[in-house]
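Report on one structure; see the data block that follows.
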Amino acid sequence: MARVYALIDGNSFYCSCERVFDAKLAKRPVLVLSNNDGCAIARTSEVKALGIKMGDPYFKIRSLCARERVAVFSSNYTLYGDMSRRLNRIYQGWAREIEVYSIDESFLYIAGLVDRDRVGYAKDLRSTVKRWTGIPTCVGIGPTKTLAKLANHTAKKNADLGGVCDFTDPKTRERHLAETAIDNVWGIGRASTAKLLTLDIRTVGDLLEADPKRIRMAMTVVGERIIHELKGVSCLPLDAVPAQRKGLAVTRSFSTAVTGEAKMLEALAAYATRAAEKLRHHGVAAVQGHVFMHSNKHNGDRPIYSSKPLALLEATADTHVLIDAAVHAGKRAWRQGYRYAKAGIVLTDLVSADRIQKSFFQTLDRDERARLMEAIDAVNARFGRGSLFSAAAGIKREWSTKFEMRSPRYTTRWNELPVANA
DNA sequence: TCTGGGGTCCTAGGACCC
DNA sequence: TCTGGGGTCCTAGGACCC
């Protein structure tokens, strides 16, 4: 049976989430900013039309936004993550299997499920999602994941397609793709685009006619795989079961530069706390990692990048062990006399928590510690993240990330529920 | 003067993604 | 004044081994 993949994603997803809970935003341009309100990361079509680009620093577009009455939001990942889960619950009922690819994109495997009217199926799916969650979406369909991605992109660019594009038929693909620029293809970024342009390959049509050996020279096996996928030969399987994660990081820019060691260690302790929570959430433990700290690369401050490994005796997901290791490494990495803009903890080698190698120097009662961590997680699940934490992570936290324009966490906090007046 | 031929494993860095 | 965060995969090159 031929394979059929559908890629569905939310249109300007973060902006759409904001619109769901505030009807007044429907007609206004909406912009969502990155952490620290640093730069633009989600834009509605009206915002794009104003010439605001992905990644534009907010301080450079602030006055334009004010003039054009753009509704500007800090990012509210709690809300977006919860909306994402709602979407995926719907998709489950519409596919044989699904792969959650990112916070706003999922691949649906629909071979054998929908054989005739694929476009009709996709339109029904879109309208169901819109009705149940308020989120507008687009759907791309194809015999490979790369073609489904490209079909989705085509649906977005051509309003007359009604949010759905089906690339199952080679003739339809040819018609749409002959003049599509190569940098719209999943996996072809800036560097590869530049290389391909020197080979006189500008469009997907050019790419399909090119000698695969030349593509391989320019782009290694990755490029070869893309060509196969574009021709309808599936090379990228559906990952219905998320792979065991290989690494994990908690890194943040500071709201104002950190110049004192105590503040830096406080921040690292807070990041270690969050990293340990993530480890336990994924059922893994860290064997290796490091902390780092660096100055701002843009503002002319004296440059520094400093990093030191964590000294972990054994695989751990214990908050206090990780805090100790992070603070210890942080002290060794610290250089006085710089203005630090960002720091983080990076865990690079993870193992499954039920297969932890015991250290010869084991000193803590592991079961007791595990119960303590469970208790802390339970308290924080009930009363909100950060209700119970180690004082090493700081109380005042002047350095912590800015979210000055964040909307309420409508769906996950009782005291932030939306209010309806009737 | 002339300096083998494989393997494996690890790491750093590049490229790409959302 | 003010420029995000968190992932994955691939390759090259060094260390090491027989």
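Atom set for the values below is all heavy atoms of this structure, side chains included, hydrogens, waters and symmetry mates excluded. Order of the sequence lines sets the chain letters (A, B, ...), proteins ahead of strands, with each chain counted from 1. What you are looking at is a predicted structure, and each value in this text was computed from that prediction instead of being measured.
The same atom, C1', is picked in B:dG4 and in C:dC17; the two are 14 Å apart, to the nearest Å.
Side-chain N/O atoms of A:Asp22 and A:Ser407 include no donor and acceptor closer than 3.5 Å.
Taking the six-membered ring for Trp and thresholds of 30 and 60 degrees, A:Trp94 and A:Tyr121 have ring planes inclined between 30 and 60 degrees apart. Ring geometry for A:Tyr271 versus A:Phe254: interplanar angle under 30°, hence parallel rather than tilted (30 to 60°). Between A:Phe292 and A:Tyr305, the ring-plane angle classifies as parallel under the 30° and 60° cut-offs. Ring orientation note: the planes of A:Tyr410 and A:Phe21 are close to parallel, at an angle under 30° on the 30°/60° scale.
Looking at heavy-atom distances under 4.0 Å, A:Val32 makes no contact with the nucleic acid at all. A:Asp37 comes within 4.0 angstrom of nothing in the nucleic acid, heavy atoms only. Residue contacts shown for A:Ile188 are limited to sugar-phosphate atoms, with no base heavy atom under 4.0 Å away. In this structure, A:Tyr101 reaches the sugar-phosphate backbone alone: every heavy-atom distance under 4.0 Å involves primed, P, OP1 or OP2 atoms, never a base. The residue A:Asn299 sits close only to the backbone: its heavy atoms come under 4.0 Å of sugar-phosphate atoms, none of a base.
Counting non-hydrogen atoms of other residues, nucleotides and ligands closer than 6.0 Å to NE2 of A:His328 gives a total of 12 or fewer. Heavy-atom neighbours of A:Arg214 CZ from other residues, nucleotides or ligands within 6.0 Å: at or below the threshold of 12.
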Shorter than 3.5 Å, N or O on both sides, protein versus nucleotides 13-15 of chain B: list them out with atom names.
none

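Under a 3.5 Å cut-off, the side chain of A:Asn88 and the backbone N or O of A:Ser84 do form a donor-acceptor pair.
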Does the protein touch nucleotides 4-11 of chain C at the base, only the backbone, or not at all? Give it as B, S and - per nucleotide, heavy atoms under 4.0 Å. BSSSSSSS

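Pairing partner, C:dC18: B:dG5, with both Watson-Crick or wobble hydrogen-bond distances short of 3.5 Å.
The interatomic distance linking A:Met217 (CE) with C:dA12 (P) rounds to 12 Å, in whole Å. Taking atom CG of A:Asp301 as the reference point, atom C1' of C:dT1 lies 11 Å away to the nearest angstrom. Atom-to-atom, NZ of A:Lys149 to C1' of B:dC17 comes out at 8 Å; the value is rounded to the nearest Å. The nearest whole Å value for the distance from the CD1 atom in A:Ile61 to the C1' atom in C:dC2 is 12 Å.
Between A:Arg202 and A:Glu179, at least one side-chain N (NZ, or NE/NH1/NH2) sits under 4.0 Å from a carboxylate O, which counts as a salt bridge.
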